[in-house]
Amino acid sequence: MRRSIMMAGAVGLTLTLAACGSDTSESEESTETTAAAEETGTLTVWVDETRQAAVESAAASFEEETGADVELVLKNFEDIRTDFIAQVPTGEGPDITVGAHDWLGELLTNGVVAPVELGDMTGDFEDVSVEAFTADGQVYGLPYAIENIALIRNTALADEAPATWDDAIAAGEESGATYPLLIQTGTEGDPYTYYPFQTSFDAPVFEQNEDGSYSPEIAMGGDNGHAYAEWLQEQGEAGLLSTDMTYDIAVEAFANGESPFIIGGPWMIESFADLDLSVDPIPTAGDDVAQPFVGVQGFYVSAQSENTLLANDFLVNYMSTDEAQTALFESGARPPALTSAADAASSDPIVAGFREVGAEAVPMPSIPEMGSVWAFWGVTEANIISGTSEPVEAWDKMISDIEGALDS
């Protein structure tokens with residue numbers, strides 16, 4: 001279950017998939033893939049508990065068809081990035097690891113990832129998923145899942161999707177429910193969940209380049225940022241937003257039918273099994289479209305791998321199949337990155353709803369500078385909502401603090 005930006009994994013242990021002997025002929029073994037397998041022998045792949053079974057199945061097929069060995073090392077997801085950065089330069093890390101796209105900037109800065117050659121398959125993936133793993137014109141990850149938040153609606157309390165924040169509040173009040181709309185906040189704030197409302201004021205966190213990548217110039221200051229900050233204050237004063245509304249409180253209240261709307265992601269859906277739901281675009285609070293962040297999960301190849309051909313073959317030809325991507329979807333409940341698998345999964349209207357919102361969303365910045373933003377950003381929003389800070393003054397101080405952190 002995802003509660004904020006970080007995701008929890010499982011315990012650590014190692015398991016090895018037994019190598020299956022190849023039945024190919026002498027001539028068939030002269031192909032590039034088999035030659036790479038004979039030359040290198042073994043791929044080491046880091047996975048977490050959620051992805052284990054899906055990767056294990058693809059690896060078994062890979063072993064059978066190439067004669068290579070695949071060793072799966074089960075890791076706690078929250079430890080993978082740190083361990084990968086620490087171990088790859090020493091030659092101790094894996095050939096491939098599961099990971100999130102927003103790690104990319106830090107991984108590139110540390111020189112620990114190699115490009116993945118998707119070739120003709122590039123167009124087979126959802127555009128936003130490839131964009132998320134792209135830097136300086138090269139793709140550095142094999143995407144497999146897309147996640148984003150949306151407006152989750154209890155159709156018994158609201159029979160249509162609201163287009164604007166004001167529409168949502170009016171419909172919520174008309175429903176007679178305790179809360180017109182639920183958004184997790186907490187005393188530290190939650191800028192990830194609040195971001196679509198901020199983008200509706202045309203106040204993106206960083207400047208974006210023409211290709212959609214981010215530059216390290218803060219873009220959420222000035223008049224647009226002030227307008228968003230003043231909106232936060234207004235909603236806090238009206239009692240519509242509150243730092244008392246934690247994730248657990250929001251989810252429980254929605255599950256109990258205490259609101260027709262909650263802003264959240266697919267990780268919440270299992271808590272609402274008794275409700276009839278619709279997943280809709282997030283209503284706009286400003287004059288622009290409300291665009292949430294998209295997070296993309298995928299696989300990275302180590303820059304120090306001696307098996308890059310083999311690793312690329314495994315990812316592109318075995319982890320990019322409908323079977324593999326569907327297995328990953330079934331284990332994690334996030335829409336697949338492979339378009340054909342996403343089409344099949346979208347027979348479920350909940351999946352289709354999140355996918356539709358995600359197609360219009362923006363990748364979470366993967367540049368290293370993003371790490372200097374979160375703490376200042378969330379606390380500032382929380383203080384404005386709670387009424388302990390004046391909005392414009394607090395927002396300007398936040399921008400100054402972030403820029404100071406980026407310059408240090």
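Every value quoted in this text rests on a predicted model; they were computed, and no experiment measured them.
Side-chain polar atoms of S215 and E217 form a donor-acceptor pair below 3.5 angstrom. Residues S278 and D280 bring a donor and an acceptor atom of their side chains to less than 3.5 Å of each other. Neither side chain, D102 nor S366, offers a donor N or O lying under 3.5 Å from an acceptor on the other. For T82 and D79, the side-chain atoms include no donor-acceptor pair closer than 3.5 Å. No side-chain donor from either of R334 and Y144 sits under 3.5 Å from a side-chain acceptor of the other.
For Y140, the ring pair (Phe, Tyr, Trp, His ring centres under 6.0 Å) criterion is met by no residue, not counting sequence neighbours. Listed by chain and residue number, Y195 satisfy the ring pair (Phe, Tyr, Trp, His ring centres under 6.0 Å) test with F293 (two or more places apart in sequence, or in another chain). Scanning for ring pair (Phe, Tyr, Trp, His ring centres under 6.0 Å) contacts around Y228 gives F201, W395, with sequence neighbours left out. Residues satisfying the side-chain contact (heavy atoms from CB on, under 4.5 Å) criterion with A361, sequence neighbours excluded, are P292, V294.
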Give the C-alpha distance, both sets of side-chain angles, the deciding distance and a yes or no for side-chain hydrogen bond (donor to acceptor under 3.5 Å, both in side chains) between D343 and S346.
CA-CA 5 Å; D343 288 343; S346 293; 5.5 Å; no
Quick one, D190 with T185, criterion side-chain hydrogen bond (donor to acceptor under 3.5 Å, both in side chains). Give me CA distance, side-chain angles, the key distance, then yes/no.
CA-CA 5 Å; D190 194 329; T185 307; over 6 Å; no
Apply side chain to side chain contact (heavy atoms under 4.5 Å, CB included) to the pair F254 and N154, showing each step before the final yes or no.
CA-CA 8 Å; F254 188 80; N154 181 341; 3.9 Å; yes
Run the side chain to side chain contact (heavy atoms under 4.5 Å, CB included) check on T380 and I384 step by step: do they pass?
CA-CA 6 Å; T380 299; I384 292 170; 3.9 Å; yes
Using the side chain to side chain contact (heavy atoms under 4.5 Å, CB included) rule, take L182 and F261 through it: C-alpha gap first, then chi angles, then the decisive distance, then the call.
CA-CA 6 Å; L182 292 163; F261 309 112; over 6 Å; no
With side chain to side chain contact (heavy atoms under 4.5 Å, CB included) as the test, would you mind laying out the steps for F125 and I146 before giving the verdict?
CA-CA 11 Å; F125 291 88; I146 300 169; over 6 Å; no
Check step by step if side-chain hydrogen bond (donor to acceptor under 3.5 Å, both in side chains) holds for W231 and Q198.
CA-CA 10 Å; W231 177 82; Q198 182 172 322; over 6 Å; no
Run T339 and E126 through side-chain hydrogen bond (donor to acceptor under 3.5 Å, both in side chains) and show every step you take.
CA-CA 5 Å; T339 298; E126 303 281 82; 2.9 Å; yes
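Heavy-atom contacts from other residues, nucleotides or ligands closer than 6.0 Å to CD of E230 number more than 12.
Close placement of the Y300 and F133 rings is indicated, their centers lying within 6.0 Å of each other.
Put simply, CG on D202 and CG on D288 are 5.0 Å apart, with the number rounded to the nearest 0.5 Å. Going from atom OG of S372 over to atom CD1 of I402 covers 8.5 Å, rounded to the nearest 0.5 Å.
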Please list every donor-acceptor pair under 3.5 Å in which a side-chain atom of residues 171-178 meets a protein atom from a residue at least two apart or in another chain.
residue, atom, partner, partner atom, Å
S175, OG, G172, O, 2.6
S175, OG, A177, N, 3.2

Pairs under 3.5 angstrom only: tabulate donor-acceptor contacts from the side chains of residues 89-100 to other protein residues two or more places apart or in another chain.
residue, atom, partner, partner atom, Å
T90, OG1, Q87, O, 2.6
T90, OG1, E92, N, 3.3
D95, OD1, S305, OG, 2.7
D95, OD1, N307, ND2, 2.9
D95, OD2, T44, N, 2.8
D95, OD2, N307, ND2, 3.4

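For the ring-ring contact (aromatic ring centres under 6.0 Å, His included) test with F77, the passing option among W103, W46, F84 is W103; the others fail.
Under a 4.0 Å N-O distance rule, the pair R153/E160 does not qualify as a salt bridge.
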